2 protein chains.
Amino acid sequence: MNLQQFRYVQEAVRRGLNLTEAAKALHTSQPGVSKAILDLEDELGVPIFERHGKRLRRITEPGQQIVRTIDAILLQVGNLRRIGAHYTGQHAGKLSIATTHTQARYFLPGPVAQLRQLYPQVQVELHQGTPDQVARMLMDESAVVGLATESLLGHEGLISLPCYEWHHVIVVPEGHPLASLARIGIDDLALHPLVTYHPTVTGRSRIDNAFAKARLHPEVALEALDSDVIKTYVRVGLGVGIVAEMAMREGSEGLVAIPAGHLFGPSVSRMAFRRGVQLREFEMRFAQLLSPLLTDSLLQRALHGEPDNYEL
Amino acid sequence: MNLQQFRYVQEAVRRGLNLTEAAKALHTSQPGVSKAILDLEDELGVPIFERHGKRLRRITEPGQQIVRTIDAILLQVGNLRRIGAHYTGQHAGKLSIATTHTQARYFLPGPVAQLRQLYPQVQVELHQGTPDQVARMLMDESAVVGLATESLLGHEGLISLPCYEWHHVIVVPEGHPLASLARIGIDDLALHPLVTYHPTVTGRSRIDNAFAKARLHPEVALEALDSDVIKTYVRVGLGVGIVAEMAMREGSEGLVAIPAGHLFGPSVSRMAFRRGVQLREFEMRFAQLLSPLLTDSLLQRALHGEPDNYEL
DNA sequence: TATCCTTACGGAATTCGTAAGCATG
DNA sequence: CATGCTTACGAATTCCGTAAGGATA
């Protein structure tokens with residue numbers, strides 16, 4: 001039994017039981033992967049994969065447990081490296097952040113710049129995706145920190161902590177009739193075609209809920225993953241935009257932002273980590289830049305302690 | 001980085017940072033152990049052990065974390081084997097039980113015999129010791145199941161589940177004045193020299209508490225780890241014995257047992273496991289023989305879930 | 001001086017890549 | 001017949017034991 005075998009099994013599972021793919025991903029030969037896995041199965045006395053002739057078809061029942069256990073082992077092995085890096089005072093390294101467009105564009109520039117000031121040697125790597133992709137990137141360790149508004153909660157295997165609260169705003173071109181209303185109601189809004197986020201991102205669910213609660217079914221003219229795209233289409237008159245307030249801080253010439261917190265309520269952006277992961281020094285500092293009230297000890301407790309929603 | 005290095009580090013810690021001892025325990029050469037550990041330290045970039053010249057003096061701060069992580073890894077590696085053994089339907093193997101004398105002598109014979117009937121191939125190995133030793137044996141995996149009355153609770157890293165409740169009894173030779181009393185009070189008892197358990201075992205603390213509460217300070221003529229020893233000394237007239245009721249079920253000729261539940265209250269014997277350990281089929285069955293209300297799923301939850309005192 | 005860790009070195013075992021074989025879809 | 005897993009085999013590497021060196025208590 002050895003760590004290499006574990007890596008091969010893990011990668012095989014991640015690549016959909018395709019050993020050829022797994023071998024490629026791990027920069028090794030396919031027969032080597034095959035042999036290692038067979039050896040492990042032999043040693044444990046049970047097959048991990050169910051084979052149909054010579055292809056892997058699915059994971060056996062004991063295989064499920066074995067894969068879970070292997071994941072846990074490799075997470076800890078990764079932690080050993082991280083402990084080393086932490087104590088060598090490595091102020092160099094790569095910080096991989098998985099996040100959504102809105103966060104990457106409008107919120108992260110500040111914290112990232114501050115981090116680079118503290119640790120000039122740290123290389124920042126941004127992975128953009130939907131919140132679900134963010135969660136997946138954390139789980140397979142392509143990223144260490146995740147940042148998003150939705151769907152990070154409820155992921156077993158991830159822990160998440162609140163970063164900041166924000167509200168939606170309504171975006172219209174200058175001179176639009178809605179811009180002159182004293183106070184916009186949900187029904188005023190429902191009269192116009194809407195341009196807003198794709199259902200998977202950035203608090204879209206709060207928008208849907210608000211309309212559903214008022215029994216309104218507004219026309220959604222366009223859905224986008226991206227605040228800038230939304231603003232662009234509002235500018236050309238496609239409809240009324242609803243975006244996160246952060247998205248209006250810049251590049252909003254010719255547009256008017258109208259507060260809409262009273263319509264959709266507050267949203268909370270959260271950072272997330274894989275549960276049980278060991279953070280390096282600069283990763284901890286970065287977490288604190290994302291959420292200044294966060295202490296090292298609270299962070300440690302959250303990462304290694306009980307599953308819970310940690311509120312500050 | 002490899003599993004062998006982890007085993008060497010773990011054993012080195014267990015043997016008080018003596019690599020020579022660790023090598024012996026692992027049936028390998030001392031230089032091999034030394035080299036492997038140095039290699040690991042080199043790879044992680046931090047020393048695990050603080051060296052004074054050429055001896056290991058203590059564990060460094062990062063070393064503490066590394067050792068903890070290594071323990072977790074090796075526990076899971078052990079679990080892989082156990083998963084294999086579980087699914088190969090291995091009805092053979094060794095069941096290592098760590099327990100105290102009273103349990104081994106008076107309670108375990110039943111469950112052990114039943115287990116052997118269910119799994120005739122299973123070899124049972126009994127490790128006897130004080131409750132603290134029981135806990136230690138579970139932690140370093142010389143035993144899988146522990147059974148004792150005290151001090152298994154409050155051990156971080158162990159989970160324990162109740163098995164059965166019992167009471168103390170007073171033991172006197174036939175014809176002893178106490179034997180004719182209608183109801184014995186704690187003050188009656190305090191008039192006689194006592195023969196009972198050593199402070200570390202089998203509910204001795206409940207005995208001490210009862211006397212302390214009544215502000216009595218009886219003379220303790222003899223303390224023993226062993227109910228049979230106590231009975232022997234009672235027989236020769238050394239004093240009045242206090243033992244667990246189970247200990248009077250046999251081999252009590254010439255002695256009288258007087259119920260003393262009203263004096264010392266109930267005691268609960270508990271089984272214990274190392275937290276996170278994967279049990280084999282016959283180990284689970286054995287746990288159920290110890291505590292018939294225990295279900296597989298409750299057991300799984302207890303072993304892998306939240307730290308908690310699981311009461312049935 | 002006895003204990004105990006590190007370094008040095010050589011043989012043995014393991015690992016890993018290439019080539020060939022064979023089953024599936 | 002293209003994809004994809006397994007088997008076979010040989011070279012390179014790693015592992016691990018013995019022997020020697022050096023530091024502490």
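Predicted model only: the values in this text are computed from it and were never measured.
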5' precedence on DNA chain C between A/Ser29 and A/Arg57 (nearest-nucleotide basis): A/Ser29

Under 4.0 Å, counting only non-hydrogen atoms across every strand here, what does B/Gln4 touch: a base, just sugar-phosphate, or nothing? sugar-phosphate

note: A/Gln5, atom CD; C/dC16, atom C1'; distance rounded to Å ~ 13 Å

Return the value, rounded to whole Å, for the distance between atom NZ of A/Lys24 and atom C1' of D/dT3. 10 Å

Position toward the 5' end of DNA chain D (nearest nucleotide), B/Thr28 or B/Gly53: B/Thr28

Which listed nucleotide (D/dC15, C/dT24, D/dT6) is nearest to the side chain of A/His52? C/dT24

Winner on side-chain proximity to B/Lys54, out of C/dT3, C/dT6, D/dT6, is C/dT6

Lys/Arg-Asp/Glu bridge criterion (N-O < 4.0 Å) met for A/Arg58, A/Glu50: yes

Please report the distance, rounded to the nearest Å, between CD in B/Glu43 and P in D/dC15. 10 Å

Salt bridge present between A/Arg51 and A/Glu41 (N-O < 4.0 angstrom): yes

Let me know the distance between CZ of B/Arg55 and C1' of C/dA2, rounded to the nearest Å. 9 Å

Separation of C/dT6 atom C1' from B/Gln30 atom CD, nearest Å, is 8 Å

Both A/Asp39 and B/Thr20 contact DNA chain C. Taking the nearest nucleotide for each, which residue is further toward the 5' end? B/Thr20

Looking at C/dT18, D/dA19, C/dC5, which one has an atom nearest to any side-chain atom of B/Pro31? D/dA19

Could you tell me whether the phosphate oxygens of C/dT6, OP1 or OP2, come under 4.0 Å of any side-chain nitrogen or oxygen in B/Arg51? yes

Winner on side-chain proximity to B/Asn18, out of C/dT6, D/dC5, C/dC4, is C/dC4

Any donor-acceptor pair under 3.5 Å linking the side-chain atoms of B/Gln65 with those of A/Gln278? yes

Report the distance from atom CD of A/Glu41 to atom P of D/dT7, rounded to the nearest whole Å. 11 Å

Can B/Arg204 and B/Glu223 be counted as an ion pair, charged N to O under 4.0 angstrom? yes

What nucleic acid atoms does A/Ile37 come within less than 4.0 Å of, heavy atoms only: base, sugar-phosphate, or nothing? nothing

Between B/Asn2 (CG) and D/dT13 (P), how many Å, whole number? 18 Å

B/Arg82/B/Glu283 ion pair, N-O < 4.0 Å: yes

When rounded to whole Å, the CZ to C1' distance for the pair A/Phe49 and D/dT6 reads 15 Å

